[in-house]
Visitor: 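Here it is, the structure in full.
Remember, it's 1-based here, ligands and their atoms both numbered in the order they're listed.
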Amino acid sequence: MATMTIEALNHYYGQSHTLRDVAFDIAPAACTCLMGRNGVGKTTLAKCLMGLEHPRSGSILFNGTSIEKLPAESRAPNQIAYVPQGRQIFPLLSVEENIRTGFFSSAAKSKKIPSNIYELFPVLADMKRRRGGDLSGGQQQQLAIARALVIDPKLLILDEPTEGIQPSLVQEISDVINMLNQELKIAVLLIEQKLPIIHKVADSFVIMDRGSVAIKGSMDLLNDELINQYLIV
Ligand SMILES: Nc1ncnc2c1ncn2[C@@H]1O[C@H](COP(=O)(O)OP(=O)(O)O)[C@@H](O)[C@H]1O
Ligand SMILES: [Mg+2]
């Protein structure tokens, strides 16, 4: 069974029809890559999955249960985690305090930071007491992922994690995504436009164009023609 099944999802901002019958599956313990040019509706879709935007129609099944009517605060206890576009870490809080904010909507009794978080991101262990705002872009991205992982998610949504970070850190983020899939068995929905990371981590892809799914499939279907048509500006 898919970790998440999105069916016939429609969303509007006022009169503007932003998502049009969007449908696809997110497989367990694998990386599904959502692609498409700026403005096609990728972030809006992520917000609908998190309950931060409300679709007008359609359904979102998480492990077989319909969640589209649940408020946002009920989705983290359902083990769906989200790293928003632009990361949105707290610059004045320490690294450790930033990670703790991940417990905010968690139903978990223990609010202790799991030790594997610092094993995954040793640089954060070294910088626990530093302010979030003092970290580099790549370190802030690792912090945003660490914060999302404290709720022990079954699905992690990453919205353009490589935006504004050095190419040398793309490999580190790819390694983290592969490890989340393979070792922690977390499903990842990766919103991404950069092909090098997509090829390193994705098992399947969904390309959106003007609010609709243009094409989806396994990675062997992704060819230069599709990339030129839907991705390269
Ligand atoms: N809060 C909002 N109110 C109105 N329109 C919005 C809002 N957020 C995004 N949009 C519009 O919705 C469309 C999809 O935006 P978005 O989901 O951010 O696309 P993407 O993430 O693919 O770049 C764009 O035309 C954008 O301008
Ligand atoms: Mg976006």
Visitor: Tell me yes or no: between the side chains of Gln229 and Asp209, is some donor less than 3.5 Å from an acceptor?
Guide: no

Visitor: Scan side-chain atoms only and decide if Glu68 and Ser59 contain a donor-acceptor pair under the 3.5 Å cut-off.
Guide: no

Visitor: When you measure from the centre of the six-membered ring of Phe103, is the NZ or CZ of Lys112 under 6.0 Å away and within 45° of the axis?
Guide: no

Visitor: At a threshold of 2.8 Å, where the distance has to be below it, does the Mg ion (ligand 2) have an N, O or S atom of Asn38 nearby?
Guide: no

Visitor: State, without any angle test, whether Gln85 and Thr43 hold a side-chain donor-acceptor pair at a distance under 3.5 Å.
Guide: yes

Visitor: Tell me whether Gln85 has at least one N, O or S atom under 2.8 Å from the Mg ion (ligand 2).
Guide: yes

Visitor: Might you work through the side-chain contact (heavy atoms from CB on, under 4.5 Å) test for Tyr118 and Ile99, ending with a clear yes or no?
Guide: CA-CA 10 Å; Tyr118 288 123; Ile99 296 175; 3.8 Å; yes

Visitor: Could you pull out every protein residue that has a heavy atom closer than 4.0 Å to ligand 1, ordered by chain and then number?
Guide: Tyr13, Thr18, Arg37, Asn38, Gly39, Val40, Gly41, Lys42, Thr43, Thr44

Visitor: Atom CZ of Arg147 and atom CD of Gln142: how far apart are they, to the nearest 0.5 Å?
Guide: 14.0 Å

Visitor: So do the side chains of Ile80 and Ile67 get within less than 4.5 Å of each other, counting heavy atoms only?
Guide: yes

